[in-house]
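Report on the structure given below.
Fair warning: this is a prediction, and the values are worked out from it, not measured in the lab.
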Amino acid sequence: MNQRARIAMSDDDVTAFLESSRKLQLATINADGTPHLVTMFYGLDKGRITFWTYAKAQKARNLARDSRVSCLIETGDDYGELQGVLVYGNAELVDDRDRVMDIGMLVARRMTPGVPDELLRPYVEQTGQKRVAYVVEYTKVVSWDHRRLG
């Protein structure tokens with residue numbers, strides 16, 4: 001078995017890792033072809049990464065031109081602790097207001113663990129007026145868990 005196969009996570013491990021994390025690095029493609037990279041809180045909907053942003057944000061403008069994204073979720077400081085999941089996919093626009101609010105709630109819950117929905121909902125409703133949301137349809141998932149190296 002090669003080293004790459006030794007460190008790859010199982011599908012269940014990838015799911016657990018995505019469920020236990022809160023933030024990701026989101027890469028979209030600028031008009032000039034350069035990457036635009038930002039840190040985002042995210043939600044999960046049926047195992048798929050979701051996020052929201054202001055409709056006029058650079059990432060939204062980029063996604064209107066080209067829906068391809070990379071989403072990196074990682075942890076660990078020392079080499080033997082490194083864990084991560086890199087999702088390649090297409091970010092599908094969600095502009096239905098109710099669905100945007102649902103995704104906003106998924107994200108807000110991750111941003112503020114333990115805060116009751118009734119306290120989060122006013123924030124989501126206020127900021128959601130100018131937001132759109134996205135669901136990432138995965139095309140490829142790469143994972144690693146260096147703790148398996150022993």
Checklist entry - Is there a side-chain contact between Q58 and N30 (heavy atoms, below 4.5 Å)? => result yes
Next on the checklist: Quick check: closest heavy atoms across A60 and T53, and the distance to 0.1 Å?
Outcome noted: CB-CG2, 4.1 Å
Next on the checklist: Within the 4.5 Å heavy-atom criterion, are T50 and L44 side-chain neighbours or not?
Outcome noted: no
Next on the checklist: Other residues, nucleotides and ligands only: do more than 12 of their heavy atoms fall within 6.0 Å of CG on D117?
Outcome noted: yes
Item to check | Linked, directly or transitively: L72 and L26 (ILVMFWY side chains, under 4.5 Å) | outcome: no
Item to check | Donor-acceptor pair between D32 and T34 side chains, under 3.5 angstrom | outcome: yes
Checklist entry - Who else is in V135's hydrophobic cluster (ILVMFWY, side-chain heavy atoms under 4.5 Å, direct or via others)? => result F41, W52, V94, V100, M101, I103, M105, V107, M111, V115, L119, L120, Y123, V124
Next on the checklist: With rounding to the nearest 0.5 angstrom, report the CZ to CD1 distance, R147 to I7.
Outcome noted: 12.0 Å
Checklist entry - Are Y79 and L86 grouped together when hydrophobic residues (ILVMFWY) are joined by side-chain heavy atoms under 4.5 angstrom apart? => result yes
Next on the checklist: Can you confirm whether I73 sits close enough to Y42 that some side-chain heavy atom of one is under 4.5 Å from a side-chain heavy atom of the other?
Outcome noted: yes
Item to check | Single-linkage hydrophobic cluster, 4.5 Å side-chain cutoff, V136 and V14 together | outcome: yes
Checklist entry - Does R68 count as lying over the ring of Y88, i.e. NZ or CZ under 6.0 Å from the six-ring centre, within 45 degrees of the axis? => result no
Checklist entry - Once you round to the nearest 0.5 Å, how far does CD of Q83 lie from OG of S21? => result 8.5 Å
Next on the checklist: Tell me if the CD atom of E118 is crowded by more than 12 foreign heavy atoms within 6.0 Å.
Outcome noted: yes
Next on the checklist: Run the ring pair (Phe, Tyr, Trp, His ring centres under 6.0 Å) test against Y134 and tell me which residues pass, sequence neighbours left out.
Outcome noted: F51
Checklist outcome for this item: Interatomic distance, NZ@K56 vs CZ@R131, rounded to 0.5 Å, equals 14.5 Å
Item to check | Hydrophobic cluster membership, L149 vs V85, 4.5 Å side-chain cutoff | outcome: no
Next on the checklist: Ignoring hydrogens, what is the shortest heavy-atom contact between L18 and R110? Give both atom names and the distance.
Outcome noted: O-NH1, 3.4 Å
Item to check | Side-chain heavy-atom pair M40, L24 within 4.5 angstrom cut-off | outcome: yes
Checklist outcome for this item: Residues C71 and I49: closest non-hydrogen pair is CB-CD1, 4.0 Å
Item to check | Minimum side-chain heavy-atom gap L93-L63 below 4.5 Å | outcome: no
Checklist entry - Same cluster or not: are V38 and V87 linked, directly or through other Ile, Leu, Val, Met, Phe, Trp or Tyr residues, by side-chain heavy atoms under 4.5 angstrom apart? => result yes
